[in-house]
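Values below: all heavy atoms of this structure, side chains included; hydrogens, waters and symmetry mates excluded. As the structure is a computational prediction, the values presented were derived from the model and not from experiment. Chain naming here is simple, since letters A, B, ... match the order of the sequence lines and numbering starts at 1 in each.
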There are 2 protein chains.
Amino acid sequence: MARATISDVAAAAGVSQATVSRALRGSTNVSPATRAKVEQAAESLNFTLSKSASTLASGRTMRVLLLVSGPLNTWFNASVLQGVYNVLAPEGYDVIPSFVLNRSQLDRFFRNLPRDRNADAIIITSFKFDTTLHDQLSALGMPVVGLNSPSTAGFDASIGIDNASAIASGVHLLRSLGHQRIAFVHNYIPHDMVYGTSTRAAAFRAAAADAGYAEHDAIMIEADQRDAATATPGTTEASATTAAHIVARLLSCNRHPTGIMGETDEFTIPVYKELLRQHIAAPRDFSIMGFDDAPISRALDLTTLHQDPAALGSAAARKVLALLRGETIRHVHALVPATLVLRDTTGRAPAGR
Amino acid sequence: MARATISDVAAAAGVSQATVSRALRGSTNVSPATRAKVEQAAESLNFTLSKSASTLASGRTMRVLLLVSGPLNTWFNASVLQGVYNVLAPEGYDVIPSFVLNRSQLDRFFRNLPRDRNADAIIITSFKFDTTLHDQLSALGMPVVGLNSPSTAGFDASIGIDNASAIASGVHLLRSLGHQRIAFVHNYIPHDMVYGTSTRAAAFRAAAADAGYAEHDAIMIEADQRDAATATPGTTEASATTAAHIVARLLSCNRHPTGIMGETDEFTIPVYKELLRQHIAAPRDFSIMGFDDAPISRALDLTTLHQDPAALGSAAARKVLALLRGETIRHVHALVPATLVLRDTTGRAPAGR
DNA sequence: TTGTAGGCGTTATCAC
DNA sequence: GTGATAACGCCTACAA
């Protein structure tokens, strides 16, 4: 059976193609009677509108791109996708995920994007901002919404986690638990890096100073570049080797820190495990907390800062919708808080320190 | 600047539209010289072919659907997506993920699919097979490849994990470690269920019998339906309540099992944690193993059966490609093994049992 | 190897 | 409220 076209339906229903189109899209002025006739005809012919043809004629693709940094099978990225999908799918939009692992892939993505301008809007997550990116974004010619981007420039709207206040609340916790020296452990940050967690490192520095920590009482420990190089790019997870190196540096400090914050749960957990392996226990000997509240932190009872990437994705998608409809958005650039989740890895600082 | 069309490029390059089309698609007979001219003209006009127009004219959409059961932000589903993407994206295909949580959503999906026949093929993961589904699949009119489906019927090709032999190797492990009584713990399986892990339960029964376990020495413990109902559908994770109930049933057995296998890592871990909470330690008092080798099992040093969902996704995508190109596939329905990963939660059965 | 011309199946703009 | 009709931007025989 060759596929029925709109004119077949028109013939069957005894109306014009235009009317069929109107009726089937539910929208414009069509009398209830006609609509019923048309719908019935379409039904019996097993007819449905062709997306491609509609797209061509209308200029609307009903597709939105989701560009993430790092693999899609990351807790964060997958959850964002889920959230975006949840609000866009019911509206009839397809969401097309893409990802890039490094700067050159990112550039290639933007270079090829117009090649198949086949989306109405794009959501971009966790990219570090730079002027090149900015230019690329504005050249896109479609609504661009950012998700967890360090800067809002170049985006028509954005949503993100309030890293600064979240990190601050973590620092305050450690301080009130009596930890005299604290540390922030994080992955190696390449100079051409595309992911944006470096915001947290900066936030830690600021929050520590703010909370009264002297500079040498709030130290930063970054993963070794060589360790990072052997890992999958874009992964936030620390390898066992990376973790071992970090712990070595941590413990070899003169009067080592007892309060530790990690950039993400996934990065923090290997460090935590390595400490345990050294027979240094939390919260007896030290306190440690992650960031994200990913399932893995729950499994290990790790204290952490909760964020909800699916909610971020949904919020971003809602902004896309608003942009597409030309509605005015209340908070063009919104920031949502991350909240502290107390579990088993934080407690009063060991006495005598 | 209004978008350049193919005829603008044709004019600029001094050739016909047809030639531009041919040249830009890299394909058919075009002299190198002409091709260069065309490419340069396109470049300078910032022109690219419109996907929608190509689709309409050619009938090929360059899109493939990925339908998964359960949320996209599951380790398994997200990894499958990643794997599918990895092979399809370089070939110019967009992959459009969709998911359904239950039977009615699945039916709705199939009912609406022809409504926007806008894909060249579809990959379907982890769905329980039934005759209705079979009919729906064959009515699709496009290549359908199954991933981890209990049956191959209705699919043009399929790829999956060899649950039977994997589970068998787990049972053999427990047996050789001296566990006299073993148990399989798994989530509640709704009768209209769409996900396919029930295969593992059946495999456990068979493998246990095969290994010489009497029926009452190899017990099945299924999560309570009411517990499952309160959880997110499609999640393979056990809630704390579910886990507590399961452990209660486990320990209240006369001579309780000391060797435990779980349907997935995510489901197994809460059970494991609950056992620890009862001061019953692995591998001293019992052995427990998961299935999947998800990152979370590594974090908890859980013995498990390794599978690689991204590889499954890639394999499925390759079959899609072959189908689309009319190539003959070597193994239309392929099964890949899952391999045992020994970690810290399995060991010799406690003496005197 | 390259050009010509007729679709592909809708949507949108007008009239009526 | 409904009907013509001209786009929409490319692909693909077929001819040259």
Side-chain angles (χ1 to χ4, degrees), chain A residues 1-39 41-42 45-63 92 114-120 141 324, chain B residues 1-39 41-42 45-63 92 114-120 141 324:
Chain A
M1 51 164 184
R3 187 126 58 214
T5 79
I6 201 171
S7 60
D8 297 329
V9 179
V15 296
S16 71
Q17 298 185 15
T19 300
V20 174
S21 175
R22 283 188 285 252
L24 257 29
R25 273 175 300 151
S27 49
T28 16
N29 316 319
V30 184
S31 76
T34 326
R35 169 157 314 179
K37 256 193 318 189
V38 171
E39 281 173 347
L45 287 171
N46 195 24
F47 168 85
T48 55
L49 296 172
S50 149
K51 208 154 188 163
S52 321
S54 307
T55 292
L56 182 56
S58 70
R60 268 171 272 109
T61 68
M62 297 308 281
R63 263 168 253 141
R115 289 198 184 285
D116 30 76
R117 42 195 174 9
N118 61 164
D120 296 335
L324 252 22
Chain B
M1 50 167 185
R3 188 126 56 213
T5 78
I6 201 171
S7 60
D8 297 330
V9 180
V15 296
S16 73
Q17 298 187 11
T19 301
V20 174
S21 174
R22 284 189 284 253
L24 259 30
R25 272 175 301 148
S27 49
T28 16
N29 315 320
V30 184
S31 77
T34 334
R35 170 158 313 180
K37 257 194 319 193
V38 171
E39 281 173 347
L45 286 171
N46 196 23
F47 168 85
T48 55
L49 295 172
S50 148
K51 208 153 189 163
S52 323
S54 307
T55 292
L56 183 56
S58 70
R60 268 173 271 107
T61 67
M62 297 309 281
R63 260 167 256 141
R115 289 200 183 283
D116 30 78
R117 43 195 174 1
N118 61 163
D120 296 334
L324 252 22

Contact list for DNA chain C against residues 6-13 of chain A - heavy-atom distance below 4.0 Å = A:I6

Choosing from C:dT1, C:dT10, D:dT2, which nucleotide comes nearest the side chain of B:T34?
-> C:dT1

Contact class for B:V20 vs. all strands (heavy atom < 4.0 Å): base, sugar-phosphate, or nothing?
-> nothing

Find every protein N or O atom lying less than 3.5 Å from an N or O atom of nucleotides 12-16 of chain D, and list the pairs.
| residue | atom | partner | partner atom | Å |
| --- | --- | --- | --- | --- |
| D:dT12 | OP1 | B:R60 | NH2 | 2.7 |
| D:dT12 | OP2 | B:R25 | NH1 | 3.2 |

B:T55: partners by side-chain hydrogen bond (donor to acceptor under 3.5 Å, both in side chains), with sequence neighbours left out | none

Which residues pass the side-chain contact (heavy atoms from CB on, under 4.5 Å) test with A:S31, sequence neighbours left out?
-> A:A33, A:T34

Residue closer to the 5' end of DNA chain C, B:L56 versus B:G14 (nearest nucleotide) = B:G14

Among C:dG3, D:dG1, C:dT11, the one nearest any side-chain atom of A:S31 is D:dG1

With sequence neighbours left out, the residues meeting side-chain contact (heavy atoms from CB on, under 4.5 Å) with A:A42 are A:V9, A:L24, A:F47

Applying side-chain hydrogen bond (donor to acceptor under 3.5 Å, both in side chains) to A:S54 and not counting sequence neighbours gives none

Partners passing side-chain hydrogen bond (donor to acceptor under 3.5 Å, both in side chains) against A:S58 (at least two apart in sequence or in another chain) | none

State which residues pass side-chain hydrogen bond (donor to acceptor under 3.5 Å, both in side chains) with A:D120; sequence neighbours excluded, sorted by chain then number.
-> A:T61

What does A:T55 touch in the nucleic acid at a heavy-atom separation under 4.0 angstrom: a base, only the sugar-phosphate, or nothing?
-> nothing

Give the rounded distance in Å between these two atoms: CZ of A:R35 and P of D:dT2.
-> 9 Å

By side-chain contact (heavy atoms from CB on, under 4.5 Å), which residues pair with B:A57, not counting sequence neighbours?
-> none

